[in-house]
Amino acid sequence: MTENPSEELIRALLAGATPEIAEQQLNDKLGLTFVDLTPERVSATMPVKGNLQPFGLLHGGANAVLAEALGSTLAALNAGPDRMALGLELSCTHHRPAIAGLVTGVATPVHVGRGTVTSAIEITDEAGKRTCTARLTCVVRDRTA
């Protein structure tokens, strides 16, 4: 993961993961950099370059990974240290293509309950235009050994 002020919190969320698993995070492969990490707002940037589909546009799956990373992190922050959040349902609407630069995703809670957390995720390009809107629901469970 890229070193930034949020790095320690991300490491805490991965607490208990073996080093082998902690080194294989999809977020790293896509170049995600977390910016905000609070129970009310999680944001991150992701480069378009390296995450393209064959026509030179940001891959829709990369949008989905960004949305899931943001929403599940938000859910984990709301779940607390003794619980874990697991993606249950993700939907993405791709509004316009991103072809260069960075996209920024912001997740905010829609519902925070004992058993589920639902997040709304907005992804925008560098001009501030919305490229994708997503919604993620995570189930919250007690951590297992």
Side-chain angles (χ1 to χ4, degrees), residues 1-53 57-98 101-145:
M1 282 182 245
T2 305
E3 291 295 327
N4 65 54
S6 302
E7 187 70 23
E8 287 181 36
L9 188 50
I10 292 297
R11 284 196 191 118
L13 290 173
L14 288 172
T18 66
E20 180 180 310
I21 291 172
E23 292 173 357
Q24 296 184 55
Q25 300 305 301
L26 186 55
N27 295 354
D28 296 336
K29 291 176 179 33
L30 272 62
L32 270 66
T33 301
F34 284 92
V35 179
D36 298 309
L37 283 166
T38 70
E40 296 80 31
R41 176 188 167 96
V42 173
S43 67
T45 61
M46 179 179 69
V48 173
K49 184 176 181 179
N51 295 313
L52 302 177
Q53 44 95 306
L57 309 173
L58 179 64
H59 196 291
N63 275 333
V65 170
L66 176 57
E68 178 114 12
L70 294 169
S72 61
T73 300
L74 183 85
L77 290 169
N78 279 284
D82 297 330
R83 306 197 80 209
M84 62 181 175
L86 304 164
L88 181 65
E89 181 179 24
L90 173 67
S91 72
C92 298
T93 301
H94 307 287
H95 304 293
R96 66 173 16 97
L102 295 173
V103 291
T104 300
V106 177
T108 55
V110 173
H111 165 78
V112 177
R114 284 185 18 158
T116 60
V117 176
T118 300
S119 303
I121 303 103
E122 179 181 320
I123 301 173
T124 57
D125 62 17
E126 288 183 327
K129 293 183 178 178
R130 188 181 301 213
T131 60
C132 179
T133 301
R135 184 179 185 102
L136 175 70
T137 297
C138 290
V139 64
V140 177
R141 298 284 182 248
D142 292 335
R143 282 191 184 261
T144 58

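Sequence positions, counted from 1, serve as the residue numbers for this chain.
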What pair of heavy atoms forms the shortest contact from L70 to G105, and how long is it? CD1-C, 3.3 Å

Looking at E89, I'd like to know if its CD atom is crowded, meaning that more than 12 non-hydrogen atoms belonging to other residues, nucleotides or ligands lie closer than 6.0 Å. no

How many angstroms lie between CG in L52 and CG in L57, if you round to the nearest 0.5 Å? 7.5 Å

Tell me whether S43 contacts the main-chain N or O of D36 through its side chain, where contact means a donor paired with an acceptor under 3.5 Å. yes

Pairwise side-chain contact, E126 with L102, heavy-atom cut-off 4.5 Å (strictly under): yes

Please round to the nearest 0.5 Å and tell me the distance separating atom CD of E68 and atom OG of S119. 10.0 Å

Locate the shortest heavy-atom distance separating V110 from R135; write the atom from each residue and the value. CG1-NH2, 3.7 Å

Distance, nearest 0.5 Å, that separates CZ of R83 from CZ of R143: 11.0 Å

If I compare all heavy atoms of L88 with all of V139, which pair ends up nearest, and what's the gap? CB-N, 4.2 Å

Using distance alone, with no hydrogens and no angle criterion, decide if T45 and T104 have a side-chain donor and acceptor under 3.5 Å apart. no

Nearest heavy-atom approach of S72 to A85 is O-CB, 4.1 Å

Here the gap from C132 atom SG to R96 atom CZ, rounded to the nearest 0.5 Å, amounts to 12.5 Å

Would you check if the side chain of N51 reaches a backbone N or O of L58 as a donor-acceptor pair within less than 3.5 Å? no

Give the C-alpha distance, both sets of side-chain angles, the deciding distance and a yes or no for side-chain contact (heavy atoms from CB on, under 4.5 Å) between I121 and L136. CA-CA 8 Å; I121 303 103; L136 175 70; 4.0 Å; yes

Kindly give the heavy-atom pair with the smallest separation between L74 and T38, and that separation in Å. CD1-O, 3.6 Å

Just wondering, do T131 and H95 contact through their side chains at under 4.5 Å, heavy atoms? no

NZ (K49) with more than 12 external heavy atoms under 6.0 Å: no

Rounded distance (nearest 0.5 Å) linking atom OG1 of T137 with atom CG of L86: 13.0 Å

What one should report as the nearest heavy-atom pair of A62 and M46 is O-CE, 3.6 Å

With a 4.5 Å cut-off on side-chain heavy atoms, are L32 and L66 touching? yes

Measure the spacing between CG of L90 and CG of N63 and express it to the nearest 0.5 Å. 10.0 Å

